Amino acid sequence: MEITCAEALVRCLELEGVELVFGYPGGAILPVYDALNDSKIKHILTRHEQGAAHAASGYARTTGKVGVCMATSGPGATNLVTGLANAYMDSIPLVAITGQVPTSQVGTDAFQEVDITGITIPITKHNYLVKDAKMLPLIIKRAFHIARTGRPGPVLIDLPKDVANTRIKFNYPEEVHLKGYKPTVKGHIAQINQAAKLMMQAERPVIYAGGGVVNAEASEELTWLAETLDAPVVTTLMGLGAFPGNHPLFLGMPGLHGNLAANLAVTHSDLLITLGARFDDRVTGRIAGFAPGARVIHVDIDPAEISKNVISHLPIVGDTKKVLTDLLVRLDKKQNPGWIEQVSSWKEEHAHRYQQDGELLKPQYVIEEIYRHSKGDAIVSTDVGQHQMWVAQHFPFKEPRALVTSGGLGVMGFGLPGAIGAQIGRPEKTVVLVTGDGSFQMSLNELSTAAEQELPLKIVVLNNRCLGMVRQLQEFYCEKRYTAVDFSFVPDFAALARVYGFKGYTVNTAEELQSALTEAFQDPGPVLIDCSVDPNENVLPMVLAGKDICDPV
């Protein structure tokens, strides 16, 4: 029996275990949406295509599954671009499906036509323009395989409308073999043996873990490694939660706004054990001053990351979980009492501090109170800016996949749709969105999506009536010449939330904050708390451009 290519696409999604897709319909993708009518796959109608991509990322980030989003041709497809770039930078598995004008019109500048495959080549692991309807099932199989294997990432499938309506005999392949695409998952044993030897000899080891540990589900192995070697652990922003934030060996996040103890430990280490991290410039500062006396072991699934930014003395290409499994049986338990005493002293001396002693709420205090009221048992989504860094500094994540944020691309407007995807993917968890007044206004239209899906989100807006991080940069780099960062008008977010069916609270004092948080975490429904916070508070420490990470302001 023949079915349309659009119907075949939906059936392929079902066979891949897809339970829901995020999207926004339009003319070119109409056949696919029509086919969804006969499927058990749930469609989440976002209010903007960019929201669909970000929600799919939030879903994928918290569940470990491949997120799926859809959009029509032209502006629908281009509205996905920021979300695809974000997923590419943060190694999030996505499959994006876009409609396209009929093949006879491709290249003619037809209504709502763009070359979306050409546009997205640099920001996807791979993409496809489906020209032969019979190839679609194989393309879908390949797309999911590419998205979830090796270093995860986004794959785009562009489907012309006439191809979508073409009838084919359906046959979904059980396996896929891609010539030239064979990610190395098992580390080289000789290199693992050498790594074990270096680890046993090291006197000042530091483990530097990134988002690759989360993607590989290797958090348990990371903890075993740290406790076996008696080695302190630092994690990137995307790695937060890979190692328990309340563990005595955890020093926090290194880098530009990292804990100074973490930066000092990296700087004075003699062995840097790097797991699933890419030595981003926000972590390293001045490259020549980054871990200058350390030999570097670098474990990564992506060989392109090895020695890309920091020279690796011992590279191991492979899946972090598999490499650590092979490594741990080659290690003996050791202790580094002098080193641990030193880093513990740094940790105590350079802990993040602030004073909540005036009338204005300090944003750090708000974050710590969110942690206390949630007992740390929450998924936290953030936007990008000062509030994102305060969450990283003051919310000790205890488990992986509990932080949903935009790391590499730094997308304002990511937080709310990211939280929506997380809440839909993990309905049993409390999901808290911490956002700023600038970021929130970039995607607050998705409050409508949250309301329609009856999601019990808890939203906390750190409202300083300005673009706080840009203002901070202007303070340090522009001699306090502030330009285009202060809002002369900010809406009443609590009143706006009530329009969408949320309970809304406006908070100005510590007492009001306590009351609002208590009610929010007891309420089974959606709540928004608009917190007026000190507009002059900066994220500290801060490493200025060209400086070493142990030399912050």
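It should be emphasised that the depicted structure is a prediction, and the values quoted were computed from it without experimental measurement.
- Within a 6.0 Å radius of CG in D109, other residues, nucleotides and ligands contribute 12 heavy atoms or fewer.
- Within 6.0 Å of OH in Y24 there are 12 or fewer heavy atoms belonging to other residues, nucleotides or ligands.
- Every residue meeting the side-chain hydrogen bond (donor to acceptor under 3.5 Å, both in side chains) condition with E479, not counting sequence neighbours, appears here in chain and number order: R481.
- A 6.0 Å sphere centred on NZ of K429 holds more than 12 heavy atoms belonging to other residues, nucleotides or ligands.
- Between S91 atom OG and M238 atom CE the span is 8.0 Å, to the nearest 0.5 Å.
- Sorted by first and then second residue, the ring-ring contact (aromatic ring centres under 6.0 Å, His included) pairs with a member in residues 462-508 read F440-F493; sequence neighbours excluded.
- The closest donor-acceptor contact from the side chain of K125 to the backbone of R148 lies at 3.5 Å or more, if one exists at all.
- Of the possible donor and acceptor atoms, none in the side chain of K362 sits under 3.5 Å from a partner among the backbone N and O of Y354.
- In this structure, Y33 and H43 have perpendicular ring planes: the angle between them is above 60°, well past the 30° mark.
- Nearest heavy-atom pair across Q514 and T518 is O-OG1, 2.8 Å.
- Side-chain contact of T382 with T405: a donor-acceptor pair under 3.5 Å is present, judged by distance alone.
- A donor-acceptor pair under 3.5 Å links the side-chain atoms of N127 to the main chain of T117, judged by distance alone.
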(request) Take Q105 and K161, measure what side chain to side chain donor-acceptor pair (under 3.5 Å) needs, and give me the verdict at the end. (result) CA-CA 10 Å; Q105 296 177 8; K161 190 172 184 179; over 6 Å; no
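- Note on residues 52-101: pairs passing ring-ring contact (aromatic ring centres under 6.0 Å, His included), not counting sequence neighbours, are H54-F414.
- In terms of the side chain to side chain contact (heavy atoms under 4.5 Å, CB included) criterion, residue partners of S381 (sequence neighbours excluded) are, by chain and number, V404, A419, L433.
- Checking side-chain atoms of Q472 against main-chain N and O of L467 turns up no donor-acceptor pair under 3.5 Å.
- In summary, E428 and R426 engage in a salt bridge, as defined by a charged side-chain N under 4.0 Å from a carboxylate O.
- Within the structure, every pair that satisfies the ring-ring contact (aromatic ring centres under 6.0 Å, His included) test and touches residues 358-377, not counting sequence neighbours, is listed here: Y371-F395.
- Qualifying salt bridge (charged side-chain N to carboxylate O under 4.0 Å, His left out) partners for E475, counting only residues two or more places apart in sequence or in other chains: none.
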(request) Would you check, one step at a time, whether the test salt bridge (charged side-chain N to carboxylate O under 4.0 Å, His left out) holds for R151 with E305? (result) CA-CA 11 Å; R151 180 177 179 172; E305 291 297 341; 2.7 Å; yes
